[in-house]
J.: 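Quick one: this structure, given as structure tokens, is what I'll be asking you about.
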Protein chains: 2
Amino acid sequence: MTLRADARRNRDLLVAAAIAVVAEEGPDASLNEIARRAGVGPGTLYRHFPTRDALLAAVFEGRLSRLCEQSEELAESKPPGEALIAWLRLLTVHAMTDQGLGARMMLPTPAAGVDCWTMLRTAADRLLLPAQSEGRVRPDIDFTDLVELTAGIARSAPDPARADRLLTLTLDGLRTGHVAQRTEKQ
Amino acid sequence: MTLRADARRNRDLLVAAAIAVVAEEGPDASLNEIARRAGVGPGTLYRHFPTRDALLAAVFEGRLSRLCEQSEELAESKPPGEALIAWLRLLTVHAMTDQGLGARMMLPTPAAGVDCWTMLRTAADRLLLPAQSEGRVRPDIDFTDLVELTAGIARSAPDPARADRLLTLTLDGLRTGHVAQRTEKQ
DNA sequence: ACCTGAACACCGTTCAAGT
DNA sequence: ACCTGAACACCGTTCAAGT
């Protein structure tokens, strides 16, 4: 189960290199380039990460764990409704970094390992469920709805400011008791 | 301005081949493969379409013009609010075909020619503006908002049924006079 | 057990040579 | 004026050979 010392070291080198290269060139960065930067043969990369998404999941892990911490902090420091919304804003920002690495890993990509998905789910549910039982968010909203909507926004918005606007527009449909401003003439 | 006969013929062959290949393999399909299928050298493809997006724009053109027609039809057959919503559903479906070719071309990609963008804009505004002046849609909503939101949904939804749900959720934030169902307990 | 790196088929892109 | 297709540098991926 536990890796040999040199294998472990190579794995770490690969992830570190991947973090750097993906930050520069995004999630479609060259795998050979990552291996080169790690000082390792391409075969070694494939041994540790059989698929591109497996490697990207490792890169995303750090960002994801921060997102979980922030979810806990918000759960304690803010009332349910506000906490969820604040966290969704953070989620959108994270989804846009590294040329959309986040938005790509947030959706359940086959063979990326389900770890990401379940980590995200617990982080989100921690804020969503209370918000719903307090009647601040529609009860028929799902974790999946939240993730797909924010991932979509992150993918299509040209910059963070636009993403924030689109999120606000979408939230006006999620929040209970919110009445969209009326402008009817009849 | 007008092309020589053989040039014209090659252009048509390329677009036809591109339509077929993109339908099979999506917008990241191999350009060499498209040239091969058109019975033409790769250089000829580059001569007619200097960039991948230029070729994809030509492929998308047919779909786009249908979308414009449908916009006109809906403008005549339905009241403003319903017409817009019906068209947004069509837009979402079109954005999901060919592995997301639509969602890609709907956003203003540099050097795809602005034609797509303006065609889409007139089609959308034809339905959006009346819906707004009748007070069915918030007045602060923009054409850009609409396109980015639907493109985002199309990119993140795993299938058309999910896309439809996400669109409905989003619409509940766009429609005026809609009160999200209340479930408050306090 | 794990690593290496040469090798294969393919890709996007260019450009001299043709007609 | 336009087309051709060989050529280049690169990519993802594999796998015999090494330690």
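Treat the numbers as computed from the prediction; the structure is a model and nothing was measured.
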J.: Hey, which of these two, B:Gly41 or A:Arg36, hits DNA chain D nearer its 5' end, going by closest nucleotide?
T.: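 Nearer the 5' end of the strand: B:Gly41.
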J.: A:Asn32 or A:Thr44: which one's nearest nucleotide on DNA chain C is closer to the 5' end?
T.: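 This one resolves to A:Thr44.
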J.: Between P on D:dG5 and CG on B:Leu31, what's the gap in Å once rounded to a whole number?
T.: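 Whole-Å distance recorded here is 18 Å.
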J.: Check A:Asp125 against A:Phe143 and note the closest heavy-atom contact, atom names and distance.
T.: OD1-CB, 3.7 Å
J.: Categorize B:Ala35 for me: base, sugar-phosphate, or nothing, with a 4.0 angstrom heavy-atom threshold over every strand shown.
T.: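 Touches nothing.
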J.: Using a cut-off of less than 4.0 Å, is there contact between a side-chain N or O of A:Asn10 and OP1 or OP2 of C:dC2?
T.: no
J.: Heavy-atom nearest nucleotide on DNA chain C for A:Gly43 versus B:Arg52: which residue maps closer to 5'?
T.: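 Closer to the 5' end of DNA chain C: A:Gly43.
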J.: To the nearest angstrom, how far is B:Asp28 atom CG from D:dC11 atom C1'?
T.: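 The answer, rounded to whole Å, is 14 Å.
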J.: With a 3.5 angstrom cut-off on both distances, give the Watson-Crick or G-U wobble partner of C:dA16, or none if there isn't one.
T.: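 Paired with D:dT4.
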J.: Select base, sugar-phosphate, or nothing to describe what B:Ala29 touches, counting heavy atoms under 4.0 Å on all strands.
T.: sugar-phosphate
J.: Any Lys/Arg nitrogen of A:Arg165 or B:Glu148 sitting under 4.0 Å from an Asp/Glu carboxylate oxygen of the other?
T.: no
J.: For A:Tyr46 and C:dA7, give me the distance from atom OH to atom P, rounded to whole Å.
T.: 18 Å
J.: Which whole-number value in Å describes the distance from B:Asp53 CG to C:dG12 P?
T.: 13 Å
J.: The side chain of A:Val40 is closest to which nucleotide in this list: D:dC11, C:dG12, C:dT4?
T.: C:dT4
J.: Who is the Watson-Crick or G-U wobble partner of D:dA9, with both distances under 3.5 Å?
T.: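 D:dA9 is unpaired by these criteria.
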J.: Using whole Å, what does the distance between atom C1' of nucleotide D:dT14 and atom CG of A:Leu45 come to?
T.: 13 Å
J.: Would you give the length of the straight line joining atom CZ of A:Arg104 to atom CZ of B:Arg155, rounded to the nearest 0.5 angstrom?
T.: 13.0 Å
J.: Consider the side chain of A:Ala7, meaning its heavy atoms from C-beta on, and name the nucleotide among D:dA1, C:dC2, D:dG5 that approaches it most closely.
T.: C:dC2
J.: Looking only at side-chain atoms of B:Arg4, point me to the closest of C:dC11, D:dC2, C:dT13.
T.: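 Output: D:dC2.
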J.: If I take atom CG in residue A:Leu55 and atom C1' in nucleotide D:dG12, what distance separates them, rounded to the nearest angstrom?
T.: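 To the nearest whole Å, that distance equals 13 Å.
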J.: Please report the distance, rounded to the nearest Å, between CD in A:Glu25 and C1' in D:dC10.
T.: 12 Å
J.: Using the side-chain heavy atoms of A:Pro42, tell me which of these nucleotides is nearest: D:dG12, C:dT13, C:dG5.
T.: C:dG5
J.: Would you call B:Arg36-B:Glu33 a salt bridge at under 4.0 Å N-O?
T.: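 Yes, charged N to carboxylate O under 4.0 Å.
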J.: Any side-chain N or O of A:Arg8 below 4.0 angstrom from OP1/OP2 of C:dC3?
T.: no
J.: Just call it for B:Arg11: base, sugar-phosphate, or nothing, with non-hydrogen atoms closer than 4.0 Å on any strand.
T.: nothing
J.: When you compare the side chain of A:Leu67 with that of A:Gln70, does any pair of heavy atoms fall below 4.5 Å?
T.: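 The answer is yes, as the side chains (C-beta and beyond) meet within the 4.5 Å cut-off.
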J.: CD1 of A:Ile34 versus C1' of D:dT13: gap in Å, rounded?
T.: 15 Å
J.: Counting just side-chain N and O atoms, does B:Arg47 come under 4.0 Å of either OP1 or OP2 of C:dT13?
T.: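 So the side-chain polar atoms of B:Arg47 never come under 4.0 Å of the phosphate oxygens OP1 or OP2 of C:dT13.
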J.: Are B:Tyr46 and B:Val21 linked, directly or through intermediate hydrophobic residues, by side-chain heavy-atom contacts shorter than 4.5 Å (ILVMFWY only)?
T.: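 Per the 4.5 Å side-chain linkage, B:Val21 and B:Tyr46 are co-clustered.
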J.: Can you tell me if the side-chain N/O atoms of A:His48 get under 4.0 Å from OP1 or OP2 in C:dC2?
T.: no
